[in-house]
Amino acid sequence: MVMRMSESQYHSAISRICRMTKRSVFLGVLAVGLSAIGCGVDWSYVLPAAAGQIRLLSESIPISQAIAGGDLTEEQVAKLELIRDVRVYARDVLGLEVANNYTRFYDSHGEPVAFNISASRKDRFEPTTWTFPIVGTMPYLGYFDAAAANAEYEELSAQGLDVFMYEIDAYSGLEYFANPVLSPMLERNEIGLAETVIHELLHATVWRPSDTTFNESLATFYGRTGAVEYFASEFSDRPDLVQDAEERFEDADRYSDFALSLYQELDAFYSSDLASADKIAGREAVYQDGRDRFAAEVQPLMNQPERYEWVAVLPTNNAWMLGVRRYNLDLDVFDRVLEAAGRDWAEALQRFRSAAAAADPYSYLEQWLESGSEPKTSTAAPQGDVEHARSAALKTRGPCPARRTTTLISSQ
């Protein structure tokens with residue numbers, strides 16, 4: 001995976017991080033392009049992105065044909081079979097809309113497929129955003145072309161921003177085009193692969209325009225929780241695999257709690273009366289205190305602590321931290337909804353759909369949890385950028401029961 005940062009000493013370890021986080025909701029660029037006439041869209045971005053998507057779709061083949069072709073290894077074939085099985089489980093048990101997603105295969109022949117770029121101010125958590133028709137305001141861009149991605153990285157860096165760039169092996173076309181299995185996905189282990197497929201299928205089922213944090217956090221919850229239930233249900237003859245999934249996600253949840261706590265500390269520091277230059281100069285001490293605290297207090301509690309050695313060089317990068325928050329906000333709310341629904345995925349999904357259409361999805365869910373009935377609140381669809389709409393402080397929590405733990409990091 002690709003990672004571009006100014007702190008060159010982080011490169012090796014952060015490359016490890018990137019290999020564990022190959023996921024993004026890519027813009028539905030083809031649908032955007034066709035619907036964007038007269039909307040002031042940056043065609044220098046949209047048209048190459050649309051061309052890349054068309055090429056990817058046109059060169060993909062049915063999974064059955066890929067398996068029969070004889071060009072794949074036994075491990076790759078087994079993983080494609082696993083994806084087909086997870087897809088059925090996601091449809092029949094989790095109630096997700098699968099349409100034609102993950103029925104075709106695209107072989108990149110070892111080359112990267114796409115890249116994701118996000119950016120933030122260095123003196124506060126203020127993401128750079130881009131607005132498109134249909135999908136709304138987004139805090140990241142996706143590229144199929146490495147040169148174009150690098151050019152965007154350089155341009156954002158020249159503006160004095162923190163920039164985070166990495167390769168992605170899976171993304172969502174929402175409801176506008178079907179996701180093929182991208183060959184880099186097959187580098188994931190069984191656990192990461194199941195979680196990724198469920199995560200992306202959730203995006204194709206529930207989408208709230210301009211609210212990436214809600215979208216990604218809900219998908220994180222579905223991916224992790226759904227994957228554990230899938231393995232417990234379908235692989236009861238492999239208790240080692242089920243235990244591995246539970247332990248990895250339990251560790252991931254501990255990391256998530258730590259990272260959100262560090263986010264709060266940094267946010268408080270950035271909210272101080274210090275001058276901008278002093279905040280930029282002083283933030284490294286806050287980041288380092290977090291790294292030290294993780295090593296002393298959190299890592300010893302891990303089931304597999306060696307998988308989190310990279311936290312010792314956690315990047316001093318606000319774009320990275322915003323990504324952690326974006327994938328992990330108030331996951332306990334989603335868990336409580338599923339519990340209140342009697343762990344009935346269909347009932348829970350209906351609540352999440354309604355929340356996505358409400359003025360504030362988290363407030364909607366909290367009111368439903370309190371009353372047990374449909375909240376009598378506005379369900380107006382969100383307008384504009386709501387990435388920072390919630391003013392309430394971030395919630396942190398102790399690790400959830402292992403079978404329901406979630407996080408940004410997808411350990412392999």
Side-chain angles (χ1 to χ4, degrees), residues 5 14 17-18 20-21 23-25 116-130 136-141 161-166 199 202-203 208 210-224 249 252-271 279 283 286-287 289-291 293-294 298 308 310-311 314-335 355 360-363 365 382 385-400 405-410:
M5 298 187 68
I14 300 307
I17 298 173
C18 290
M20 296 194 296
T21 58
R23 181 189 302 113
S24 171
V25 173
N116 180 280
I117 293 179
S118 60
S120 171
R121 286 186 57 134
K122 292 185 176 181
D123 61 352
R124 61 176 177 265
F125 288 122
E126 181 180 299
T128 300
T129 59
W130 296 266
T137 299
M138 307 290 289
Y140 45 63
L141 287 178
L161 300 170
D162 278 339
V163 188
F164 185 62
M165 171 178 162
Y166 59 99
H199 181 112
L202 185 280
H203 286 315
R208 178 178 165 85
S210 299
D211 198 343
T212 309
T213 298
F214 175 78
N215 295 328
E216 293 294 0
S217 294
L218 180 60
T220 293
F221 171 75
Y222 257 78
R224 297 295 187 267
F249 295 158
D253 195 58
R254 288 192 172 98
Y255 165 76
S256 172
D257 286 340
F258 153 76
L260 289 177
S261 176
L262 178 58
Y263 181 100
Q264 286 182 289
E265 294 170 12
L266 285 161
D267 196 38
F269 174 74
Y270 293 141
S271 300
K279 291 177 183 178
R283 66 181 186 157
V286 184
Y287 272 98
D289 181 68
R291 298 180 192 111
R293 187 172 66 255
F294 180 85
V298 183
Y308 287 84
W310 56 266
V311 179
L314 184 80
T316 300
N317 187 304
N318 288 348
W320 162 263
M321 288 302 300
L322 279 167
V324 173
R325 177 184 185 270
R326 197 171 290 134
Y327 278 76
N328 292 278
L329 185 63
D330 289 346
L331 302 178
D332 61 311
V333 174
F334 306 135
D335 181 63
D360 183 330
Y362 287 99
S363 293
L365 293 174
D385 178 17
V386 296
E387 182 74 12
H388 291 293
R390 301 185 69 221
S391 60
L394 281 172
K395 298 179 181 178
T396 58
R397 66 198 192 291
C400 295
T405 53
T406 52
T407 192
L408 166 68
I409 296 297
S410 175

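The two residues Ala259 and Met321 have their closest heavy-atom pair at O-CE, 3.4 Å. The two residues Thr137 and Thr129 make their nearest non-hydrogen contact at CG2-CB, 3.5 Å. Nearest heavy-atom pair across Ser118 and Tyr140 is CB-CB, 4.1 Å. In this structure, Tyr327 and Leu331 approach most closely via the heavy-atom pair O-CD2, 4.1 Å.
With a 4.5 Å cut-off on side-chain heavy atoms, Val311 and Tyr255 count as touching.
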Worksheet item: Could you go step by step and tell me if Leu161 and Arg121 meet the side-chain contact (heavy atoms from CB on, under 4.5 Å) rule?
Response: CA-CA 5 Å; Leu161 300 170; Arg121 286 186 57 134; 4.2 Å; yes
Item to complete: Under the side-chain contact (heavy atoms from CB on, under 4.5 Å) rule, what do Asp257 and Ser261 come out as? Steps first, then yes or no, please.
Response: CA-CA 6 Å; Asp257 286 340; Ser261 176; over 6 Å; no
Discussion item. Quick one, Leu314 with Leu262, criterion side-chain contact (heavy atoms from CB on, under 4.5 Å). Give me CA distance, side-chain angles, the key distance, then yes/no.
Written reply: CA-CA 11 Å; Leu314 184 80; Leu262 178 58; 3.6 Å; yes
Practice prompt. Decide yes or no on side-chain contact (heavy atoms from CB on, under 4.5 Å) for Val298 and Tyr308, but give the supporting numbers first.
Written response: CA-CA 10 Å; Val298 183; Tyr308 287 84; over 6 Å; no
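Interatomic distance, CG of Asp162 versus CG of Asn317, reported as 4.0 Å (0.5 Å rounding). The distance from atom NE2 of His203 to atom OH of Tyr222, rounded to the nearest 0.5 Å, is 13.0 Å. For the atom pair CZ (Arg291) and OG1 (Thr316), the distance works out to 4.0 Å, reported to the nearest 0.5 Å.
Among residues two or more places apart in sequence or in another chain, the side chain to side chain contact (heavy atoms under 4.5 Å, CB included) test is passed with Ala355 by Phe214, Pro361, Tyr364, Leu365. Judged as a ring pair (Phe, Tyr, Trp, His ring centres under 6.0 Å), and not counting sequence neighbours, Tyr287 has no contacts. With sequence neighbours excluded, no residue forms a side chain to side chain donor-acceptor pair (under 3.5 Å) with Asp267. In this structure, the ring pair (Phe, Tyr, Trp, His ring centres under 6.0 Å) partners of Tyr270, at least two apart in sequence or on a different chain, are Phe125. Partners of Ser120 under the side chain to side chain contact (heavy atoms under 4.5 Å, CB included) rule, at least two apart in sequence or in another chain, are Asn318, Ala319, Leu322. Applying the side chain to side chain donor-acceptor pair (under 3.5 Å) rule to Arg293 yields the partners Glu265, Asp289; only residues at least two apart in sequence or on another chain are considered.
Between the side chain of Asp330 and the main chain of Val333, no donor-acceptor pair closer than 3.5 Å is present. Checking side-chain atoms of Thr220 against main-chain N and O of Asn328 turns up no donor-acceptor pair under 3.5 Å. Between the Tyr362 side chain and the Leu329 main chain, a donor and an acceptor come within less than 3.5 Å of each other.
Checking each of Arg325, Arg326, His199 against Glu216 for a side-chain hydrogen bond (donor to acceptor under 3.5 Å, both in side chains) leaves exactly one that passes, namely His199.
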